[in-house]
Q: 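Sharing a structure here in structure tokens format.
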Amino acid sequence: MGREIITMVENGEVTVSEALSLLKRAHAGPGQYKHELTKNEKLAAIKQQLDSLIGLHTVKKLVNEIQAYVEIQQRRTAFNLVSEPVVLHSVFIGNPGTGKTTVARIIGQMFLEMGVLQKGHLVEVERADLVAEYIGQTAQRTREQLRKASGGILFIDEAYSLARGGENDFGKEVIDTIVKTMEDQRSNLIVILAGYCAPMEVFLETNPGLRSRFPIIVRFPDYTTFELFRIAEQMLQQREYQLSKAARRRLLSIIENLKREEPRNFGNARTIRNIIEKAVRKQAVRLVHLKSPTRAQLMEIAAEDLQEVDDD
Amino acid sequence: MRRIIVVGQPNVGKTLFSLNFAEFLGMHTVTINFESYERGCSSKVITIAEAKSLLVSAAEHQTLDIQSMVLTMPWGKSAKQFELIDTTGLADRIDFEPQIRRAMAQTLHFMRQADVVFHLLDCFKVAQLGFLKGIGEIDYQIAQYGQLKKGYVILANKIDLTQAKDGLAKIHMEFPGNKVIGISALEKKGFKEVKEIAKQLL
Ligand SMILES: Nc1nc2c(ncn2[C@@H]2O[C@H](COP(=O)(O)OP(=O)(O)O)[C@@H](O)[C@H]2O)c(=O)[nH]1
Ligand SMILES: [Mg+2]
């Protein structure tokens, strides 16, 4: 058991944190340690993680609602009251880099603590991981991924690409296989279909059967200029860098420009990451000639280090 | 032989602590066993000074291999040997590099086998970023896991830096009920207490 969990870390299927928590569970049943956090404390910590994400107000609100709903249904069941069936399969709509995966991962943890999922891990796949070249193999490959995700979340990125080739496309086989599994093992797996706005809306419209099976729709708005700025600051902070005053102004104007020029493609944290990474390299080049740069110099990103990055 | 494992996020000072602690116990050279996934095991005797310049770094993930060393501690009239294992920093995100993921998996593997966990935190970072960002989810999970062990001690490192006091206080608050020792791996502060605790736990 422990070995399998460690292999999951190696394969990038779970974070180290998730692995540690699984290892602990594997070692002994819950509730036997000196300082075991109660379920409520853990849930609070997970929600805290969600709250500490920059922006995403509507997403946070919706996740809270879902959590409350699930909890109340569980309590109703405990009192033998009629409880609504809880279907948690969801559609995440939003541009790349708007936090969809991060939120999915947090939700996995949340449902693990709530006892809805057994493992709470996230398996991230896209079309190529599901579709095979020959008839019959696609279902097999899809089932393989479903099995990996069992007890956790199967997160299908750019899910609309499964409807790409029309009637004869194997993408349809994927969808059918998933829907079938979802119905067989109701509570043991959550499937999330993710992708950006326009194609996802079309995808859902052309597959009306999916709507009822994926009742939760979460929309991830593009980050605002100021949110992106705060994300940049957070990334820098984590790496122990700081923006000079002039660099702050420059970064804000870069973000504003990008937003103006490419409002559609630019709503995301990924471009910000590129800008920051480039700045860190440029700062290094700027400082490398100095004999003994000070700590402050090593930490400071100057305006000249920042430039718009073409992320092609 | 009993094993102490040194874990924590990247750059909290695990390697510097391990080497300076060895020096503090009176060692001049260390036999370092590099256990690398790619290249298997190898071992090397080097002076601690060499080891420091080779292994301590401001760059993340300098320590990709597990480095274990056998240390001797005075024990009444005799001495006692134990193994001290320095590890790759554990991070919250799933790393893009398979090599780093493997190194982290290996850290977990050794953590399962260890008797005592020394969990390093960076006081300075906690003071600067606050505990929300300075202490990661990973640290809370390590703390939870540590409860299963014979010994679990939090070493709040870098107290030599200004502001770090503040961080130390925050760490105390965040991990109530756990042993927390403020140390400076750089200046070997707090090492006496670490030694005492190690003696009790081993
Ligand atoms: N000021 C100060 N710096 C430290 C201390 N411990 C480690 N460092 C520095 O932090 C950086 C990372 O140290 P290292 O031991 O490689 O960290 P590891 O990644 O946890 O093994 C290096 O630049 C060290 O010099 C300390 O107690 N005080
Ligand atoms: Mg190291």
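First the proteins, then the strands, lettered A, B, ... as listed; each starts at 1. Heavy-atom basis, side chains included; hydrogens, waters and symmetry copies ignored.
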Q: Kindly compute the distance separating CD (A:Gln234) from CG (B:Leu129), expressed to the nearest 0.5 Å.
A: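 The CG atom of B:Leu129 is 9.5 Å from CD of A:Gln234, to the nearest 0.5 Å.
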
Q: Do you know which of A:Val14, A:Thr7, A:Leu298, A:Ile46 has the most heavy-atom pairs with chain B at a distance under 4.5 angstrom?
A: A:Val14

Q: Provide the closest heavy-atom pair for B:Ile138 versus A:Ser17 in the form atom of the first, atom of the second, distance.
A: CA-OG, 3.2 Å

Q: From A:Glu10 CD over to B:Gln106 CD, what is the distance, rounded to the nearest 0.5 angstrom?
A: 9.0 Å

Q: Restricting to non-hydrogen atoms, name the atom on A:Arg3 and the atom on B:Arg112 that form the minimum distance, rounded to 0.1 Å.
A: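 Distance-wise, the nearest heavy atoms are N-NH1, 3.7 Å.
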
Q: Return yes when atom OH of A:Tyr196 has more than 12 non-hydrogen atoms of other residues, nucleotides or ligands closer than 6.0 Å, and no otherwise.
A: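 Counting other residues, nucleotides and ligands, OH of A:Tyr196 stays at 12 neighbours or fewer.
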
Q: Quick check: are there more than 12 heavy atoms from other residues, nucleotides or ligands sitting under 6.0 Å from NZ of B:Lys150?
A: yes

Q: Shortest non-hydrogen contact from A:Val9 to B:Arg101?
A: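 Distance-wise, the nearest heavy atoms are O-CD, 3.5 Å.
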
Q: Which heavy atom in B:Met104 sits nearest to a heavy atom in A:Val16, and how many Å separate them?
A: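 Heavy atoms of B:Met104 and A:Val16 come nearest at SD-CG2, 3.6 Å.
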
Q: Is it the backbone or the side chain of A:Glu18 that comes under 4.5 Å from a heavy atom of chain B, or both, or neither?
A: neither

Q: Are more than 12 heavy atoms, taken from residues, nucleotides or ligands other than A:Arg273, located less than 6.0 Å from that residue's CZ atom?
A: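 Result for CZ/A:Arg273: open.
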
Q: Distance check, rounded to the nearest 0.5 Å: A:Leu23 atom CG versus B:Leu148 atom CG?
A: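 Taking CG in A:Leu23 and CG in B:Leu148, the distance rounds to 9.0 Å.
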
Q: Which region of A:Gln237, side chain (C-beta onward) or backbone (N, CA, C, O), has a non-hydrogen atom less than 4.5 Å from a non-hydrogen atom of chain B, or is it both or neither?
A: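 Backbone plus side chain of A:Gln237, per the 4.5 Å heavy-atom cut-off to chain B.
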
Q: Is it the case that the side chains of B:Asp92 and A:Thr15 hold a donor-acceptor pair, with the cut-off being a distance below 3.5 Å and no angle test?
A: no

Q: Looking only at heavy atoms and a cut-off of under 4.5 Å, which of A:Met8, A:Glu13, A:Arg295 has the most pairs with chain B?
A: A:Arg295

Q: Any chance you could measure B:Tyr140, atom OH, to A:Gln48, atom CD, to the nearest 0.5 Å?
A: 8.0 Å

Q: If you measure from CZ on B:Phe110 to CD1 on A:Ile6, what distance do you get to the nearest 0.5 Å?
A: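 That separation rounds to 10.5 Å.
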
Q: For B:Lys165, does the NZ atom sit with more than 12 other heavy atoms under 6.0 Å from it, leaving out its own atoms?
A: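 Check fails, neighbour count at 12 or below.
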
Q: Heavy-atom distances under 4.5 Å only: say whether B:Phe124 touches chain A with side chain, backbone, both or neither.
A: side chain

